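Have a look at the structure below, then the notes.
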Number of protein chains: 4
Amino acid sequence: MDFKKSQTIYMQIADFICENILSEKIKAGDKIQSVREMAASIQVNPNTVMRTYSYLQEQEIIFNKRGIGYFVSDDAAQKMKNIKKEEFIQSYLPELFKNMDLLGIDFGDLEKIYRKQSNGSH
Amino acid sequence: MDFKKSQTIYMQIADFICENILSEKIKAGDKIQSVREMAASIQVNPNTVMRTYSYLQEQEIIFNKRGIGYFVSDDAAQKMKNIKKEEFIQSYLPELFKNMDLLGIDFGDLEKIYRKQSNGSH
Amino acid sequence: MDFKKSQTIYMQIADFICENILSEKIKAGDKIQSVREMAASIQVNPNTVMRTYSYLQEQEIIFNKRGIGYFVSDDAAQKMKNIKKEEFIQSYLPELFKNMDLLGIDFGDLEKIYRKQSNGSH
Amino acid sequence: MDFKKSQTIYMQIADFICENILSEKIKAGDKIQSVREMAASIQVNPNTVMRTYSYLQEQEIIFNKRGIGYFVSDDAAQKMKNIKKEEFIQSYLPELFKNMDLLGIDFGDLEKIYRKQSNGSH
DNA sequence: GTGGTCTAGACCACC
DNA sequence: GTGGTCTAGACCACA
């Protein structure tokens, strides 16, 4: 795992886990890697992973069973989708459309790029 | 002016100025506010504004006449458009499409939101 | 049985047993549930129950007959009352009164709540 | 400042700050000690103080001005009082009354102790 | 084995 | 100067 320097490591780990939940690689009720395991496998300090897990627990995306480990919450995927969708529509998209406007890109251009990029990834 | 905590203040000021150039509220050759004026008007430490101007000067978007002030470069708008367009297509859009995919938003949904939000802003 | 996360599980089990002794649901000389029975009935690791019993044995509230099980000590109820009463008056109450003071709750308020809550539980 | 071992240090620092707000030693809008100052003055690692401040910021009791420091929120005292009062009445008091019942302390006894302890502190 | 807290010390960006 | 993040390493209680 390699990290961008533009964002904090612990947040990138959180995003990584969230994506795995959204794409159902890990599901509700699953135990996730222990702090130490994760730290070793991505070559990061355990404290940093601890920070990620604390953050995700706060968001109620994962929960802790004492002495056993962290587990994915029941409604984690759905909850995340709702939160992120809302945020996406309320904050991200207006920003997008404003930028398109300023840069002189219209919706047709966007669609062309979309078709091209989604073909590339299939 | 109110700042998001997710980004640095000096960069938000830079974005603000860039938008004004792109939308041609300020044009090539125009003098922009002095560091002190700007700092006072948006209630920010002059050092912070200074950092913004230094950054924009580095990008050759503005230039300095000693003892007089900062001015918008001749080809600022065009240069910015090119740089930002490239960045937009190469970095921003792929990220966007990936997020849409994860959140289960397809291109049709996007278009609907676009129509709605652009109506709202007219 | 559901556990608060603010306290350790083994101590919550200990409290639960103590309350049963104080309220005389289990009495001096009674055999208490075996470690395994208790563990199964409250869905907890047997080690955790073992830890509870060791703790209570240390406090001389229960004692062990090898190969038979754990039993409530003769003077358990009385002993516990004395210990807990002391602790209650020396540590718990001063804390309580300090908090009342900070929160602007006077003794009259406390009495009202007391009357209300004791009615509710009868 | 000396810490109990029964509670985490960073929480004891938080409580200490909260009490100072409740008792109006520090008021809304006041800047609190910087992380490093506080750490030095109470002889604790800066990370530990950082943890306290992050926690209090999450609770919206203090807020951060970038590069300047932490400040007490406008409605900090009132907000805390409400939260703590609710918690006190809903969780703390029922516990208290249950214990009194088990220990055979009635409300008259409690009042006597209250009178004695409040005289002692004046 | 698990998480959780703490220290010491470093580095960074920002104001 | 300010906060914020990260590492390394330790210790502890709990399951």
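These numbers come from a predicted model, not from an experiment. In what follows, chains carry the letters A, B, and so on, assigned in the order in which the sequence lines appear, proteins first and then strands, with residues in each chain numbered from 1.
- Residue-to-nucleotide proximity on DNA chain F shows that, of C:T8 and A:Y10, the 5′-proximal contact is made by A:Y10.
- Judged by distance alone, the side chain of D:K79 and the main-chain N or O of D:E60 form a donor-acceptor pair under 3.5 Å.
- Look at CD on D:Q43: it is 16 Å from P on E:dC6, rounded to the nearest Å.
- A donor-acceptor contact under 3.5 Å is formed by the side chain of A:N47 with the base of F:dG9.
- Between atom CZ of residue A:R66 and atom CD1 of residue C:I9 there is a gap of 5.0 Å, rounded to the nearest 0.5 Å.
- Between the CD atom of D:Q33 and the P atom of F:dG3 there is a distance of 11 Å, given to the nearest Å.
- Here the NZ atom belonging to D:K25 is positioned 13.5 Å from the CG atom belonging to D:D30, to the nearest 0.5 angstrom.
- At whole-Å resolution of the value, CD1 in A:I13 and C1' in F:dT5 are 12 Å apart.
- With ring centers used as reference points, A:Y10 lies 6.0 Å or more from A:F3.
- When rounded to the nearest whole Å, the span between NZ of A:K5 and P of E:dA13 equals 7 Å.
- Helical stems in DNA chain E, defined as runs of 3 or more consecutive Watson-Crick or G-U wobble pairs with donor-acceptor distances under 3.5 Å: E:1-14 with F:1-14.
- With rounding to the nearest 0.5 angstrom, the CG atom of C:D101 is 10.5 Å from the CG atom of D:L22.
- Residues A:V35 and D:M11 both approach DNA chain E. Their nearest nucleotides, taken by heavy-atom distance, put A:V35 toward the 5′ side.
- For CZ of C:F16, the number of neighbouring non-hydrogen atoms (other residues, nucleotides, ligands) closer than 6.0 Å is 12 at most.
- A straight line from NZ of D:K4 to P of E:dT5 spans 17 Å, rounded to a whole angstrom.
- For E:dG3, the base has a donor-acceptor partner in the side chain of A:R36 [N/O atoms by modelled type, under 3.5 angstrom].
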